[in-house]
Amino acid sequence: MSTALLAWYDANARVLPWRVPPRSDERPDPYRIWLSEVMLQQTTVAAVKDYFATFTRLWPTVEALAAAKDEDVMARWAGLGYYARARNLLKCARAVAERGGFPDTVEGLRALPGIGPYTAAAVAAIAFGRPETVVDGNVERVMARLHAVQEPLPASKPVLVAHAAALTPEARAGDYAQAVMDLGATICTPKSPACGICPCRAPCKARAEGIAAELPRKTPKKPKPVRLGHVFVIRREDGAFLLERRPDRGLLGGMLGWPGSDWGEAPEFAPPVAGALEEVGEVRHTFTHFHLILRVHAGRVDGAAPDGLGWQRLSPAALPTVMRKAYDLAATSPALNVAGD
DNA sequence: AACGCGTGGAG
DNA sequence: TCTCCAAGCGT
């Protein structure tokens, strides 16, 4: 099994910016492997590519990243989502720089901020050649199909991990891990797997039973409630905007945002500064666990910034997506007149 | 253990 | 429009 998969990988490995081709003499850079793995947590390759290029250009080494300012790293992460990753990325980089390099064992890696079972195993296997079992969503899907596991996730996870461990080879564990992930991304896909060209079709039980596309089963998710909120996009005559730095914990933690109401059924709201503001419309955005309708108020106002808020020049790219949507709407309205002067 | 935590693309 | 989902982690 693992032999056939490695042979397939040798011929079909995707070319990725953080990856060293199979059978190459080049050793992967642990920093780049770690950075890519953190960015790829619950995030597609397509979404990660530009961010990876920017981060490695600005901060080519873990020491450089460790020396970066928090606000710069958060601004560059904006739009990628799951912002706790960026906060933990910095904590981790500083811990690694302090100790003089990445640990080369799963136990050492696992102790670092933002590195869980998956990322620790992936870095240990890919960057350090250790025979660790790497289990991500792809591996779960491939194992569920190979062994026709009917039990739904997440209850079946321990069984899938055991199957994955039984198949992990001593040699080339990093290539093997990447091979399963490439297989899951290109052939053993969630919706319509290409079983006809799969290097693992011979031993695959789900394929034999004709139920590959139905596995892995998953326990149904809860419906998402709809919440309502109000934000104020306020611009001063000199072009500065009134912004807040959100607290480190919770939704959009550590990111820039527009001042406004809580988000709920019918939240109270009041402008943070007095002046002429008008409601310019609403934007919709879906988070992991709720839908949001955000009413956007905008205007040009001067005045002292209340506690917790500050006037600053704005690069819209530094905003998380929901806040950038509000900005984009406000920027097209006469109330803000961004283009007018 | 179950839930909170983003986003954009595919179907 | 809507649901699902993509190389998970922290609490």
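So that the names make sense, note that chain A is the first sequence line, chain B the second, and so on, each numbered from 1.
- The hydrophobic cluster containing Tyr118(A), built from Ile/Leu/Val/Met/Phe/Trp/Tyr side-chain heavy atoms closer than 4.5 Å, also comprises Val134(A), Met181(A).
- Rounding to the nearest 0.5 Å gives a distance of 9.0 Å between CG of Leu40(A) and CZ of Phe52(A).
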Pairs of donor and acceptor atoms involving the side chains of residues 72-81 of chain A, under 3.5 Å and at least two apart or interchain, shall be tabulated with distances.
| unit_1 | atom_1 | unit_2 | atom_2 | d |
| --- | --- | --- | --- | --- |
| Trp77(A) | NE1 | Gly81(A) | O | 2.9 |

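- No side-chain donor-acceptor contact under 3.5 Å links Thr189(A) to the backbone of Thr186(A).
- Contacts between residues 54-66 of chain A and DNA chain B, defined by a heavy-atom separation under 4.0 Å, are absent.
- Proximity of a side-chain donor or acceptor of Arg87(A) to a complementary backbone N or O of Gly253(A) within less than 3.5 Å is detected.
- Listed by residue number, Gly116(A), Pro117(A), Tyr118(A), Thr119(A) are the residues of residues 116-133 of chain A with a heavy-atom contact under 4.0 Å to DNA chain C.
- When heavy atoms are screened at a 4.0 angstrom cut-off, Gly253(A) is found touching no nucleic acid atom at all.
- Both Asp136(A) and His291(A) sit near DNA chain C, but only His291(A) has its closest nucleotide nearer the 5' end.
- Rounded to whole Å, the P atom of dG6(B) lies 14 Å from the corresponding atom of dT11(C).
- Between the Arg295(A) side chain and the Glu279(A) main chain, no donor and acceptor come within less than 3.5 Å of each other.
- What separates OH of Tyr83(A) from C1' of dC5(B) is a distance of 11 Å, to the nearest Å.
- Hydrophobic clustering, defined by side-chain heavy atoms of Ile, Leu, Val, Met, Phe, Trp and Tyr closer than 4.5 Å, groups Trp311(A) together with Phe232(A), Ile234(A), Leu242(A), Phe269(A), Val273(A), Leu277(A), Val301(A), Leu309(A).
- Using a 4.0 Å heavy-atom criterion, one finds that Val322(A) contacts the sugar-phosphate atoms exclusively.
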Acceptor/donor pairs from residues 6-13 of chain A side chains to any protein atom, 3.5 angstrom cut, sequence neighbours excluded:
| unit_1 | atom_1 | unit_2 | atom_2 | d |
| --- | --- | --- | --- | --- |
| Tyr9(A) | OH | Arg19(A) | NE | 3.3 |
| Asp10(A) | OD1 | Arg172(A) | NH2 | 2.7 |
| Asp10(A) | OD2 | Arg23(A) | NE | 3.4 |
| Asp10(A) | OD2 | Arg172(A) | NH1 | 3.3 |
| Asn12(A) | ND2 | Trp8(A) | O | 2.8 |

Please table the atom pairs, donor to acceptor, closer than 3.5 Å between any side-chain atom in residues 98-109 of chain A and protein atoms at least two apart or in another chain.
| unit_1 | atom_1 | unit_2 | atom_2 | d |
| --- | --- | --- | --- | --- |
| Arg99(A) | NH1 | Gly101(A) | O | 2.6 |
| Thr105(A) | OG1 | Gly108(A) | N | 3.1 |

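- Aromatic pair His289(A)/Phe287(A): centroids not less than 6.0 angstrom apart.
- As a whole-Å value, the separation of Arg85(A) CZ from dG10(C) C1' is 14 Å.
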Could you tabulate the donor-acceptor pairs under 3.5 Å formed by side-chain atoms of residues 202-218 of chain A, not counting sequence neighbours?
| unit_1 | atom_1 | unit_2 | atom_2 | d |
| --- | --- | --- | --- | --- |
| Arg217(A) | NE | Gln150(A) | OE1 | 2.8 |
| Arg217(A) | NH2 | Gln150(A) | OE1 | 2.7 |

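- In this model, the phosphate group of dT7(B) is approached by a side-chain N or O of His285(A) to a distance below 4.0 Å at OP1 or OP2.
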Under 3.5 Å, which N/O atoms of the protein pair with N/O atoms of nucleotides 1-4 of chain B?
| unit_1 | atom_1 | unit_2 | atom_2 | d |
| --- | --- | --- | --- | --- |
| dC3(B) | OP1 | Lys222(A) | NZ | 3.0 |

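- One finds no salt bridge joining Arg235(A) and Asp302(A) here, because no Lys/Arg side-chain nitrogen approaches an Asp/Glu carboxylate oxygen to under 4.0 Å.
- dG9(B) atom C1' lies 15 Å from atom CG of Asp50(A), rounded to whole Å.
- As a whole-Å value, the separation of Arg249(A) CZ from dC9(C) C1' is 13 Å.
- Relative ring orientation between Phe55(A) and Trp59(A) is described as perpendicular, the plane-to-plane angle rising above 60° on a 0-90° scale split at 30° and 60°.
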Name the atoms and distances for all side-chain donor-acceptor pairs under 3.5 Å in residues 254-263 of chain A, with sequence neighbours left out.
| unit_1 | atom_1 | unit_2 | atom_2 | d |
| --- | --- | --- | --- | --- |
| Trp258(A) | NE1 | Met323(A) | O | 3.0 |
| Ser261(A) | OG | His230(A) | N | 2.9 |

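- For dG10(C), neither phosphate oxygen OP1 nor OP2 lies less than 4.0 angstrom from any side-chain nitrogen or oxygen of Tyr82(A).
- Leu228(A) shares a hydrophobic cluster with Val226(A), Ile293(A); the chain of contacts runs through ILVMFWY side chains whose heavy atoms sit under 4.5 Å apart.
- Distance Asn88(A) CG to dG8(C) C1': 12 Å, rounded to the nearest Å.
- Regarding contacts with the backbone of dC2(C), every side-chain N or O of Thr286(A) stays at 4.0 angstrom or more from both OP1 and OP2.
- Residues from residues 26-43 of chain A that place a heavy atom under 4.0 Å from any atom of DNA chain B, listed by number: Gln42(A), Thr43(A).
- Comparing Lys221(A) and Val135(A) against DNA chain C, the residue whose closest nucleotide sits nearer the 5' end is Lys221(A).
- For the pair Thr44(A) and dG8(B), the criterion of a side-chain N or O lying under 4.0 Å from OP1 or OP2 is not met.
- Nearer the 5' end of DNA chain B, as judged by each residue's closest nucleotide, is the contact made by Phe290(A), out of Phe290(A) and Lys191(A).
- Within 4.0 Å of Arg14(A), counting heavy atoms only, lies at least one base atom of the nucleic acid.
- Contacts of Arg87(A) with the nucleic acid, taken as non-hydrogen atoms under 4.0 Å apart, are absent.
- When rounded to the nearest whole Å, the span between CH2 of Trp77(A) and P of dC9(C) equals 12 Å.
- Comparing the P positions of dC5(B) and dA6(C) gives an interatomic distance of 22 Å, to the nearest angstrom.
- In this entry the distance linking CD of Glu214(A) with C1' of dC4(C) reads 16 Å, nearest Å.
- Contact annotation: the side chain of Leu336(A) approaches that of Phe241(A) to within less than 4.5 Å [non-hydrogen atoms, C-beta and beyond].
- dG8(B) atom P lies 11 Å from atom CG of Asp328(A), rounded to whole Å.
- Using a 4.0 Å heavy-atom distance criterion, Leu80(A) is classed as a base contact.
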